[in-house]
Amino acid sequence: MCGIVGYVGDRSCTDVLLDALEKLEYRGYDSAGIAVIEQGVIKVEKCKGRLANLRDKMAFDGKPEGHVGIGHTRWATHGEPSDINSHPHGNKRVTVVHNGIIENYRQIKEFLISEGYSFVSETDTETVAKLLDYYYTGDPVDTIIKSLAEIKGSYALGVMFRDFPDRIFAVRKDSPLIVGKGDHENFIASDVPAIMKYTRDYYLLDTNEIAVIKKDDVTFYNIHREQLYKSVHTADWDVDAAEKGGYEHFMLKEINEQPNAVKTTITPRISDSMPDFTAEGFDAAKLGAYNKIFIVACGTAMHAGMVGKYVIERLARIPVIVDIASEFRYRDPLIDERDLMIVISQSGETADTKAALELAKSRGADTMAVVNVKGSSIAREADMVVYTHAGPEISVASTKAYMVQISVMYLLAFELAYGVGRISKEQCQKLTEELQEIPDVIQEAIGLENHCQYVASKLVNADSLLYIGRGLDYALSMEGSLKLKEISYIHSESYAAGELKHGTISLITENMPVIAVATQSDLVDKTISNIKEVKARGAMVILVCGKEVVVEDGVADHIIRLPEVDQMLMPMVAAVPLQLIAYYTAVLKGNDVDKPRNLAKSVTVE
Ligand code: M6R
């Protein structure tokens, strides 16, 4: 989604803005632009394409020289990616960068046209800029407040007024924006990595709060123009965490960070070999009292929820309903005050997940967020928060966030199962101790890298693939399939292995490779039968299974043998080769692995 940055200080504003925008590239974008106050004039440079195009353009036009400015990477929603539709938008007096969607922009536009304004772009953002101009009173905060009263939708805005050349303004509703606090310099940004090179201190801007950012001070107001006093947060990771550190891609680095990410996430929640969520404000008795559990999320996070469902239901025997957030919010779900809603989100800003959380709250359910980004909107709205400690995940394709989300699902399942008396303390301790061993086993699985690279070379020319599995293996297949398609652009589907012959097996030919996951001992024979069915129809089969599984000759073309671990924990191990296969397939295809086409890291619009 769009990235916003802003700077006020003594450095070259253009350099800082470009540098900060580069750090937000991972969010996904199709055009970029900046506005800098140069000798009292707002100078705008923007164009379609990557930041490199913008740099080239400025090399030709001349780089804006100044110390106050705003910048933007655009992920198109209203209007195609083009020079004209790129942000910033505005006129000589006011200029704006925007992330989000202005739902009533058509009405505002019609009104402004009737008032004599003209528009050059197809964007909703231009209406905000012109509305600010229309309401301009000479007092920017007053002008912003008046304009916001007319706007419906979600937004994070960076704003500059020509008449106030020493400051920038920021406001947000439902889209992320932070204010960075430096030494004689201050910033705005959609996400902390953008400003990490300059400062680790930042303020969280809440919905309907306005920040006035000057070189030496930042002032906050609510929409009633009352001044607010906010505390400073400090990022607990350093700039290296947001750099590639010698890896060719962030995705590969993040796959390699998984053992440590899991360790850092689970260790503080284990005491005496038992899950311990007292720091998060809940315990086994509280969890065990819910009637049913909803797990709601999007994409990879939803797949982590699928693993959670299998494990919680198996161990605690509490019904768990997993839903895609964008479906949950529109299907009038049967959730009430006896239920628990767990939302899972790396970014903590996913619009659909946040809306689902709000719906659950409005129905009286208790809510828990499993979130990676501290202070994110979802973390702030949920009743209980379990932070995953993956550190910043930059690659659009989620890997380490998925892994830590699953690790939390396991701990919650153990806690629940113990809470409802389904497992004894000794059993709970044994399971928890096995989970503590998992980081080393994940490390071992990363050692399968060369094998995965070889498998990728066999898949790279495929047009379409199937991932199959049963039970937990099916849950994992969903993630394997998503990973492959999002970065390699090869179509793939995950299918419950037993369901194949009810229709989908008609797709199988020698041109349809099948990746089968078979790690669950009670299901492995059945999955192998399904593998034989596809093999008999010509498919090339890649089998991912445990070390001990007996596989007759000729059943699979390639077998990836996983390190041994309790089979319930297998998804955490089997995920690694699936991630690596997707990664190397995308590399072999020459794709932009960390920034796949059309995708955004943080999906802050519906
Ligand atoms: O930030 P979130 O975890 O809420 O994001 C949800 C999905 O958009 C995300 O998991 C997406 O599917 C991944 N980037 C896929 O790798």
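This is a predicted model, so every value here is computed, not measured. When a ligand or atom number is given, it counts from 1 through the structure's own listing order.
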Tell me if the aromatic rings of H558 and Y454 count as close, with their centers under 6.0 Å from one another.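 Yes, the ring of H558 comes within the 6.0 Å limit of the ring of Y454, centre to centre.
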| message | Under 6.0 Å between ring centres: does that hold for Y203 and H233? | response |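 Ring centroids of Y203 and H233 are no less than 6.0 Å from each other.
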Under a 3.5 Å cutoff, is there a donor and acceptor pairing between the side chains of [X] and [Y]?
| X | Y | result |
| --- | --- | --- |
| K483 | T300 | yes |
| S398 | E393 | yes |
| S377 | R172 | yes |

*For the residue pair Y105 and H78, categorise the inter-ring angle as parallel (less than 30°), tilted (30 to 60°) or perpendicular (more than 60°).*
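Aromatic pair Y105/H78 classed perpendicular.
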- Hey, what's the ring geometry for F294 with F328, parallel, tilted or perpendicular (30° and 60° as the breaks)?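 Plane angle over 60°, so perpendicular.
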Considering the heavy atoms of [X], write down every atom of ligand 1 situated less than 4.0 Å from one of them.
| X | value |
| --- | --- |
| A397 | 16 (O) |
| G299 | 12 (O) |
| S345 | 1 (O), 2 (P), 3 (O), 4 (O) |
| A301 | 3 (O), 10 (O) |

Examine K589 relative to Y489 and say whether NZ or CZ is less than 6.0 Å from the centre of the six-membered ring and inside a 45° cone about the ring axis.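 Negative - K589 is either too far from the ring of Y489 or too far off its axis.
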What pair of heavy atoms forms the shortest contact from E254 to P392, and how long is it?
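Looking at all heavy atoms of both residues, the shortest contact is OE2-O, 3.9 Å.
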Look at [atom] and find which of [options] reaches it with the closest heavy atom.
| atom | options | result |
| --- | --- | --- |
| atom 6 (C) of ligand 1 | A401, A351, S398, C298 | C298 |
| atom 10 (O) of ligand 1 | T300, T399, V371 | T300 |
| atom 16 (O) of ligand 1 | E486, M302, Q579, K354 | E486 |

Please list the nearest protein heavy atom to [atom] with its residue and the distance rounded to 0.1 Å.
| atom | answer |
| --- | --- |
| atom 3 (O) of ligand 1 | Q346 N, 2.6 Å |
| atom 8 (O) of ligand 1 | V603 CG2, 4.1 Å |
| atom 5 (O) of ligand 1 | T350 OG1, 3.5 Å |

Of the side chain and backbone of K483, name the one, both, or neither that has a heavy atom under 4.0 Å from an atom of ligand 1.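 Looking at K483 and ligand 1, just side chain atoms fall under 4.0 Å.
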Is there at least one pair of N or O atoms, one from [X] and one from ligand 1, spaced under 3.5 Å apart?
| X | answer |
| --- | --- |
| T353 | no |
| S347 | yes |
| V396 | yes |

